[in-house]
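The structure appears right after this line, and notes come after that.
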Amino acid sequence: EIKKGFLSLIPNKYFEMSLITLSEVDNIFGNYIRGNLLESLIIAIISIVGFYIIGFPPITALVIGLINGLTNAIPYVGPLIGLVIGLAVCIFKLIPPDYVPLFGIEASIIGVIIVAIFAQVLDNIAIKPTVIGKSVNLHPLVVILGVMAGSKMFGFIGLLAAIPVIAIIKVVIITLYKQLKGFNLLSEHLISINFKKTE
């Protein structure tokens, strides 16, 4: 309804161009959501494997890893949830005493911390910039700098909104430029400006 209301305000001359631009924005936002889901899946897999290697039973590693992956999308708080659950398993000795780890490593607090740090470092340096960057067609460096700038300028909200906002601004500018050029609106506008200058 909001989309229809917005389009009803657009003059007929710019209607098709506005519709295409909104479609591109909708597409890039969908890609961003899918990118986040893929990132969470990768972190879940890394966490599951990591917890299993450090001595967690397969089911325990699976459950904690999935939680870690699902909550990873929440900045700051998300990664801590998986860490806290993993630490709780070790502190309260929830692993069956007769369980024999495949790699001969007994689950420990240090092991849980190492897995959590490894997953987050890998996520912030490689996974997030690459996966999210490709999903919204942004360079990984732009993703890193965008998140840093958004966090610095607007705090938590900026951290969440930085990448989709940058991606939307980029796609709006590119789409509008292409549409204006395609409909000869850009050239007409430039001609009128140059004509006024010569007068």
Side-chain angles (χ1 to χ4, degrees), residues 2-3 5-7 9-10 14 17-48 50 65-87 112-182 185-186 189-190 193:
I2 293 171
K3 184 178 177 180
F6 174 75
L7 288 172
L9 301 173
I10 304 295
Y14 303 106
M17 179 181 66
S18 301
L19 192 63
I20 292 169
T21 304
L22 281 174
S23 177
E24 288 296 323
V25 169
D26 183 56
N27 184 49
I28 204 75
F29 193 73
N31 287 342
Y32 175 72
I33 299 297
R34 284 187 286 274
N36 269 300
L37 291 173
L38 179 58
E39 179 197 0
S40 295
L41 177 62
I42 294 169
I43 290 298
I45 292 169
I46 291 170
S47 300
I48 291 166
L66 286 174
I67 293 171
N68 200 28
L70 288 171
T71 58
N72 187 69
I74 309 169
Y76 300 125
V77 180
L80 288 174
I81 295 173
L83 175 62
V84 168
I85 295 173
L87 292 175
V112 172
I113 293 171
I114 289 171
V115 170
I117 291 173
F118 175 77
Q120 286 309 301
V121 169
L122 196 63
D123 181 35
N124 290 303
I125 292 176
I127 299 170
K128 186 187 289 290
T130 304
V131 173
I132 301 298
K134 282 187 177 181
S135 67
V136 295
N137 198 21
L138 291 173
H139 193 278
L141 186 61
V142 175
V143 174
I144 294 170
L145 294 175
V147 169
M148 289 171 62
S151 176
K152 187 75 175 174
M153 293 170 66
F154 303 104
F156 184 75
I157 300 298
L159 185 70
L160 289 175
I163 302 308
V165 167
I166 293 170
I168 287 169
I169 289 171
K170 179 188 174 184
V171 78
V172 165
I173 291 171
I174 291 172
T175 306
L176 283 177
Y177 176 77
K178 286 180 179 177
Q179 294 304 313
L180 286 168
K181 198 173 180 181
L185 296 172
L186 189 63
H189 183 62
L190 290 174
I193 290 173

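Throughout, residue positions are numbered sequentially from 1 according to the sequence presented. Note that these values count all heavy atoms, side chains included, but never hydrogens, waters or copies made by symmetry.
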Note to self: Do V77 and I74 have side chains that approach each other closer than 4.5 Å (heavy atoms only, starting at C-beta)?
What the structure shows: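 Counting from C-beta outward, V77 and I74 do come under 4.5 Å.
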Notebook entry, point to check: Within a strict 4.5 Å, meaning less than it, do heavy atoms of the I85 and N68 side chains meet?
Noted result: no
Notebook entry, point to check: Is the number of heavy atoms from other residues, nucleotides or ligands within 6.0 Å of OH (Y32) greater than 12?
Noted result: yes
Minimum-distance pair of heavy atoms, taken over all atoms of [X] and [Y]:
X   : Y    : value
T21 : L176 : OG1-CD2, 3.6 Å
G69 : I43  : CA-CG2, 4.2 Å
I28 : V25  : CG2-O, 3.2 Å

Looking at [atom1] of [X] and [atom2] of [Y], how far apart are the two atoms once the value is rounded to the nearest 0.5 Å?
X    : Y    : atom1 : atom2 : answer
I163 : I144 : CD1   : CD1   : 9.5 Å
I33  : L38  : CD1   : CG    : 13.0 Å
N31  : N36  : CG    : CG    : 11.5 Å
D26  : I168 : CG    : CD1   : 9.5 Å

Margin query: The criterion is salt bridge (charged side-chain N to carboxylate O under 4.0 Å, His left out); which residues satisfy it with E24, sequence neighbours excluded?
Written below: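 E24 satisfies salt bridge (charged side-chain N to carboxylate O under 4.0 Å, His left out) with no residue once adjacent residues are dropped.
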Who pairs with [X] by side chain to side chain contact (heavy atoms under 4.5 Å, CB included), at least two apart in sequence or on another chain?
X    : result
L9   : none
V115 : F51, I54
I157 : none
L159 : P75, Y76, V147, S151

Let me have the donor-acceptor pairs involving side chains of residues 118-138, under 3.5 Å, with sequence neighbours excluded, atom names and distances please.
unit_1 : atom_1 : unit_2 : atom_2 : d
Q120   : NE2    : N72    : OD1    : 3.0
D123   : OD2    : N72    : ND2    : 3.2
N124   : ND2    : Q120   : O      : 2.8
K128   : NZ     : E39    : OE2    : 3.1
T130   : OG1    : A126   : O      : 2.7
S135   : OG     : V131   : O      : 3.4
S135   : OG     : I132   : O      : 2.7

Next item on the list: Could you please spell out the steps behind the side-chain contact (heavy atoms from CB on, under 4.5 Å) verdict for L7 and S18?
Entry: CA-CA 7 Å; L7 288 172; S18 301; 4.2 Å; yes
Margin query: Treating T71 as the side-chain partner and I67 as the backbone partner, does any N or O pair qualify as donor plus acceptor under 3.5 Å?
Written below: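 Checked: pair present.
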